[in-house]
Q: 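Questions regarding the structure given below will be posed in turn.
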Amino acid sequence: MNAPIGVIDSGVGGLTVVRELRKYLPNEPIIYIGDDARCPYGPRSAEEVLQFTMEMVESLSKMGIKMLVIACNTATAVALDEIRMQFSFPVIGVIRPGARAAVKASQTGEIAVLGTMGTVNSKAYDGAIQQLRPDATVHSLACPGFVPIVESGEYRSPQAREVVDQTLQPLHMYSFDTVILGCTHYPLLQEHIEQHFSSQKQIISSAVETVVDVERILNEQQIQSSSMIQPIFYTTGSIKKFQSIVEDWLSIKQPDVRAIKF
Ligand code: DGL
């Protein structure tokens with residue numbers, strides 16, 4: 001079935017999931033929507049995040065996707081159940097896969113979760129982790145400075161390193177062996193985050209584990225594709241900026257980036 005997989009995020013963060021999708025499932029066509037003009041979602045109310053997410057999903061539904069990946073933790077936390085109820089295609093979020101990967105990786109059961117204000121306040125990770133390991137301890141930290149740096153394209157800069165160092169300081173009062181990047185934008189800052197912890201913590205991004213779920217559903221429902229079509233990206237923001245992040249992060253030359261409005 002050569003219909004595309006739809007992928008959504010508040011901006012460029014979901015590209016971290018697209019990167020893994022292209023690596024492990026290279027024959028799957030992808031249509032992506034990034035709502036960069038209204039990013040960040042993290043500080044917004046749950047109602048607003050739900051409304052914006054629905055707008056993206058309705059557009060993708062009209063384009064004829066066979067499956068949806070909500071490649072945004074903030075949107076997964078508030079909209080996953082609602083979207084599953086309203087649409088007939090399979091829908092995958094990023095929180096359960098991230099929790100699963102972290103529980104597998106952690107020896108001590110003490111896990112730090114970095115996320116947006118919305119994700120941290122929703123306690124979605126706490127629930128998902130404790131369901132898998134009831135004795136786990138979760139230390140959550142909102143990192144509101146991270147998404148704007150990634151969206152600006154300055155994620156490799158020394159300023160990015162400074163913001164990471166300052167933001168992560170409060171975590172040093174806790175002991176934990178595993179850190180979940182509980183926002184799909186954060187893998188673009190992974191090098192800084194790893195260096196901050198002197199490579200002493202296991203850093204988990206939900207992207208790879210999410211692809212495991214995507215593959216399982218494609219197989220179960222026998223809806224795999226066999227085409228090598230390049231992904232199509234839609235953004236509500238700057239096409240140029242989006243293009244340059246796609247080129248850098250996904251190594252796609254002259255990616256097909258188009259405008260979309262809601
Ligand atoms: N990339 C998103 C996430 O995973 C949202 C970031 C934001 O818009 O605040 O939570």
Side-chain angles (χ1 to χ4, degrees), residues 6-21 32-57 68-80 83 91-99 101-102 112-128 140-155 160 163-164 167 179-190 193 203-211 213 233-238 241-242 245-246 249-250 262:
V7 182
I8 54 168
D9 180 47
S10 63
V12 294
L15 297 177
T16 59
V17 176
V18 172
R19 185 154 97 164
E20 303 306 323
L21 278 170
Y32 183 99
I33 301 182
D35 194 6
D36 303 75
R38 299 187 290 193
C39 189
Y41 280 10
R44 293 183 186 275
S45 68
E47 291 73 26
E48 214 169 16
V49 172
L50 180 62
Q51 184 205 320
F52 294 175
T53 306
M54 280 296 174
E55 287 170 359
M56 291 194 277
V57 182
L68 175 73
V69 180
I70 308 176
C72 174
N73 291 263
T74 315
T76 299
V78 301
L80 179 65
I83 292 170
V91 183
I92 291 177
V94 281
I95 291 181
R96 266 169 182 280
V113 178
L114 313 181
T116 66
M117 205 68 89
T119 300
V120 168
N121 289 344
S122 77
K123 297 200 179 297
Y125 269 104
D126 308 53
S140 298
L141 180 71
C143 309
F146 287 8
V147 168
I149 288 190
V150 172
E151 285 288 320
S152 72
E154 297 297 316
Y155 45 89
V163 172
V164 166
T167 308
V179 178
I180 301 181
L181 305 180
C183 169
T184 51
H185 280 73
Y186 298 176
L188 286 102
L189 295 167
Q190 186 156 346
I193 296 168
I203 310 288
I204 304 290
S205 134
S206 50
V208 176
E209 204 69 15
T210 301
V211 175
D213 283 9
F233 302 95
Y234 289 90
T235 173
T236 55
S238 155
K241 198 176 280 175
F242 201 96
I245 296 180
V246 171
W249 191 247
L250 300 181
F262 296 112

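Note that ligands are numbered from 1 as they come in the structure, with each ligand's atoms numbered from 1 the same way.
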Q: Do me a favour and list the nearest non-hydrogen protein atom to atom 1 (N) of ligand 1 with residue, atom name and distance?
A: His185 ND1, 2.7 Å

Q: Are side-chain N/O atoms of Glu47 and Gln51 paired as donor and acceptor at under 3.5 Å?
A: no

Q: Considering only non-hydrogen protein atoms, determine which one is nearest to atom 7 (C) of ligand 1 and report residue, atom name and distance to 0.1 Å.
A: Tyr41 N, 3.3 Å

Q: For ligand 1, which atoms, with element, lie under 4.0 Å from some heavy atom of Cys72?
A: 2 (C), 3 (C), 4 (O), 5 (C), 10 (O)

Q: Which bit of Cys183 is near ligand 1, meaning a heavy atom under 4.0 Å away: side chain, backbone, both or neither?
A: both

Q: Has Arg44 got a side-chain atom pairing as donor or acceptor with Arg38's backbone, closer than 3.5 angstrom?
A: yes

Q: For ligand 1, does Ser10 get within less than 4.0 Å through its side chain, its backbone, both, or neither, judged by non-hydrogen atoms?
A: side chain

Q: Assign the ring pair Tyr186 / Phe146 to parallel, tilted or perpendicular, where the plane angle (0 to 90°) is split at 30° and 60°.
A: perpendicular

Q: Have a look at ligand 1 and work out which part of Val147, if any, has a heavy atom under 4.0 Å from it: side chain, backbone, both or neither.
A: side chain

Q: Which ligand 1 atoms are under 4.0 Å away from a heavy-atom of Thr116?
A: 6 (C), 9 (O), 10 (O)

Q: Nearest to atom 9 (O) of ligand 1 by heavy atom, Gly42, Ala142, Cys39: which?
A: Gly42

Q: Measure across Leu15 and Leu250 and return the closest heavy-atom pair with its distance rounded to 0.1 Å.
A: O-CD2, 3.6 Å

Q: Do Thr116 and Thr119 pair up side chain to side chain, a donor and an acceptor below 3.5 Å, judged on atom types alone?
A: yes

Q: Report the nearest protein non-hydrogen atom to atom 10 (O) of ligand 1: residue, atom name, distance rounded to 0.1 Å.
A: Thr74 OG1, 2.6 Å

Q: With atoms numbered from 1 as shown, which atoms in ligand 1 lie under 4.0 angstrom from a non-hydrogen atom of Asp9?
A: 1 (N), 2 (C)

Q: Could you tell me whether a side-chain N or O of Thr184 sits under 3.5 Å from a main-chain N or O of Ala71, the two making a donor and an acceptor?
A: yes

Q: Quick check on the 6.0 Å ring-centre criterion: do Tyr41 and Phe52 meet it?
A: yes

